[in-house]
Trainee: 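Following this message is one structure expressed as C-alpha cells.
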Amino acid sequence: MMYIKRLTKLFSVILSLSLSFSLISCASTKTPEPEVFEKTAALYQLAEPYGFKVGANISYSQAGDGKYLAMLKDDFNTITASNEFKAYSLLKQSACQAQNKPVMNYKVADTIARFAQNNNIGIRGHVLVWDAYMPDWFFREGFTTDGNFVDSETMKDRLKYYITDVVTHFETNFPGVVYCWDVVNEAVADGSNEWIPGNEFHLRKTRGGVSNIFNDVIGEDYVKFAFQCAREVVNQVNPDIKLFYNDYNTFYPDKRAAIVNLVNYLNKDEMLCDGVGMQGYIGGYGSQNGCMNASDLVLIKDAIKTYSSLGVEVQLTEVAVRNYEGDEETMAKHAKFYGKLFQVLIDSRNEGQNFTAITIWGLCDNPFMERSDYSYKMNGPFCGLYNKYYAIKDSYKEVYKTLKK
C-alpha cells in the first residue's frame with residue numbers, strides 16, 4: 001500500500017511539472033498583441049507646432065467623391081487642384097475669339113475653391129504659367145488655330161491680362177483662400193546646354209521635342225515678366241498672397257544651383273519670388289529600383305537648407321513616395337521611409353529653415369492602375385498614406401507617430 005501511495009505522489013509531481021512546462025511554453029510562443037493605433041488629432045494639427053501645413057491634391061472628379069472629401073477635411077489644411085487651375089483648363093477659345101481677349105470659364109475651378117472655403121482649407125494656386133499642354137492658339141492672332149503668332153508686346157499684354165484676371169477672380173470670390181500661387185512651373189531645363197545669355201540659369205527651350213512657346217513668343221525673360229505681373233496684382237488684391245517658383249528635380253545639385261541663380265535673379269531689384277516649390281516625386285521612375293533610398297532624404301534636407309538660405313519659403317509641392325510593390329516587407333519599408341521624410345521636415349524647421357508646407361499627390365494606393373497610366377510611373381500603385389478604400393495604412397501611422405513625438 002505504501003508503495004502505491006508513493007507512485008501516486010510521484011505521478012502527481014510529474015503531472016504538475018508537465019503542466020507548468022506546457023504553460024510556460026505556450027506563454028513564450030504566444031503571438032504578441034497588435035499595436036493599437038489611436039488617432040486623436042489631424043495630421044495638419046500635429047504639424048502646426050512645427051510651423052508647416054500638410055496638404056493633398058484634388059481633382060474635379062474627386063470633388064464629387066464624398067469619401068475623398070471627408071478624408072481631406074479630416075487631415076489636411078491645404079489643397080492643390082490637379083489641373084483645374086491651369087491655363088489650358090480655364091481658357092475658352094471661342095469666348096476669346098468673340099471678345100478678342102483672354103476669357104476664362106471658372107465653373108470647375110470654383111467648385112474646388114468653394115469646397116476649400118466652406119471647410120477652412122487653404123489653396124495652393126497651381127499654376128499661372130506653364131509651357132506644357134499650353135494651347136498655341138492663345139499666342140496667335142485672333143486666338144485662331146492657324147493664325148500668325150502675335151508679337152512679344154501683344155503677348156505680354158495677353159499674359160498680364162490673364163494673370164491679373166485669374167488672381168483677382170479667386171481673391172474676389174473666395175477671399176484669402178488661395179494663399180499662394182505657383183507663378184511659373186518647370187521653366188528651368190534639366191541639361192546644361194540651354195542657357196539664357198547673360199544670366200546664370202538654364203531656361204527650358206523645349207519639352208519632349210516641343211518648343212517652349214512662352215520663350216518663343218514673349219522672349220527669354222518671360223519668367224521675370226510673369227512674376228512682375230503676379231506681384232503687381234497681389235499687391236492690389238491681397239499682399240499676403242505668396243508667389244512661388246515650382247519645379248521638379250529640385251533636390252539635385254546641378255538643377256538646384258540653376259534654380260538658386262534664377263531666384264536670385266528674380267529678387268535682385270525687388271522681391272518678386274517668395275518661395276520655391278520642390279516637386280517631391282521620390283524614387284525610381286516606373287521601377288522599384290531606386291525607391292526609398294536614404295540618400296534622397298539627405299538631398300531633400302540639403303535642398304531645403306539651400307533654398308531657405310535665399311530668404312524665401314520652401315515647400316514640397318507634389319509628393320509621391322514611389323512604391324511599385326505591395327508585399328508586406330516592401331510596404332513596411334515604405335512606411336518607415338515616410339516617417340523619416342517627415343522627420344527631415346521637422347528637423348529642418350528645428351534648425352531654422354523656412355519650410356512651410358508639404359502637399360501629397362500620391363495620396364491613395366491604386367493597385368489596379370494600368371502600367372500605361374500616367375500616374376503609374378509618376379506615383380506608383382502603392383505610394384499612398386491610404387489604401388484604395390481611403391483607409392489609413394502603416395505609412396500614415398508612421399507619419400502620425402513622427403509628428404506626435
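In this text, all values refer to a predicted model and were calculated from it rather than measured experimentally.
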Trainee: Ignoring hydrogens and angles, state whether a donor on the side chain of Asp157 or Tyr162 is under 3.5 Å from an acceptor on the partner side chain.
Mentor: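 No, because no side-chain N or O of Asp157 sits under 3.5 Å from a partner of the opposite role on Tyr162.
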
Trainee: Are Glu398 and Lys340 within salt-bridge range, i.e. N to O under 4.0 Å?
Mentor: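 The answer is no: the pair does not qualify as a salt bridge.
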
Trainee: Any luck finding a side-chain donor-acceptor pair between Thr317 and Asn246 under 3.5 Å?
Mentor: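 Side-chain D/A pair, Thr317 to Asn246: present.
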
Trainee: Would you say His334's side chain and Met292's backbone share a donor-acceptor pair under 3.5 angstrom?
Mentor: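 Side chain of His334 to backbone of Met292: no pair is present.
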
Trainee: If you compare all heavy atoms of Asp75 against all heavy atoms of Leu43, which two are closest, and at what distance to 0.1 Å?
Mentor: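 Between these two residues, the closest heavy atoms are OD1-N, 3.0 Å.
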
Trainee: Under a 3.5 Å threshold, yes or no: a donor from one side chain and an acceptor from the other, between Ser395 and Lys336?
Mentor: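 No pair is found: no donor N or O on one side chain lies under 3.5 Å from an acceptor on the other.
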
Trainee: Side-chain donor-acceptor pair under 3.5 Å between Tyr307 and Asn354, yes or no?
Mentor: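 Looking only at side-chain atoms, Asn354 and Tyr307 do not form any donor-acceptor pair under 3.5 Å.
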
Trainee: Counting distance only, does the side-chain N/O of Thr168 pair as donor-acceptor with the main-chain N or O of Thr164 below 3.5 Å?
Mentor: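 Between the backbone of Thr164 and the side chain of Thr168 there is a qualifying donor-acceptor contact (under 3.5 Å).
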
Trainee: Decide whether Tyr376 and Arg371 meet the rule of one side-chain donor and one side-chain acceptor closer than 3.5 Å.
Mentor: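 Arg371 and Tyr376 do have a side-chain donor-acceptor pair below 3.5 Å.
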
Trainee: With sequence neighbours excluded, tell me which residues meet ring-ring contact (aromatic ring centres under 6.0 Å, His included) with Phe251.
Mentor: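 Phe251 satisfies ring-ring contact (aromatic ring centres under 6.0 Å, His included) with no other residue.
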
Trainee: Could you label the plane-to-plane angle of the Trp181 and Phe85 rings as parallel, tilted or perpendicular, counting under 30° as parallel and over 60° as perpendicular?
Mentor: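 The arrangement is tilted - the two ring planes meet at 30° to 60°.
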
Trainee: Would you check if the side chain of Thr172 reaches a backbone N or O of His169 as a donor-acceptor pair within less than 3.5 Å?
Mentor: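 Between the backbone of His169 and the side chain of Thr172 there is no qualifying donor-acceptor contact (under 3.5 Å).
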
Trainee: If only side-chain N and O atoms count, and only distance matters, is there a donor-acceptor pair under 3.5 Å linking Tyr245 with Thr250?
Mentor: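 Looking only at side-chain atoms, Tyr245 and Thr250 do not form any donor-acceptor pair under 3.5 Å.
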
Trainee: Checking ring pair (Phe, Tyr, Trp, His ring centres under 6.0 Å) for the pair Tyr338/Tyr396: CA distance, chi angles, key distance, verdict?
Mentor: CA-CA 8 Å; Tyr338 236 129; Tyr396 177 103; 9.9 Å; no

Trainee: Nearest 0.5 Å please: distance from the OG atom of Ser59 over to the CH2 atom of Trp361.
Mentor: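 Going from OG on Ser59 over to CH2 on Trp361, the span is 10.0 Å.
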
Trainee: Below 4.0 angstrom, N of the basic side chain to O of the carboxylate: do Glu351 and Lys305 qualify?
Mentor: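 Judged by the 4.0 Å cut-off on N to carboxylate O distance, Glu351 and Lys305 do not form a salt bridge.
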
Trainee: Got a sec, which residues hit ring-ring contact (aromatic ring centres under 6.0 Å, His included) with Tyr252, two or more places apart in sequence or on another chain?
Mentor: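 With neighbours one apart ignored, the set is empty.
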
Trainee: Quick one: is the NZ or CZ of Lys53 closer than 6.0 Å to the six-membered ring centre of Tyr179, and within 45° of its axis?
Mentor: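 Here Lys53 passes the 6.0 Å and 45° test against Tyr179.
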
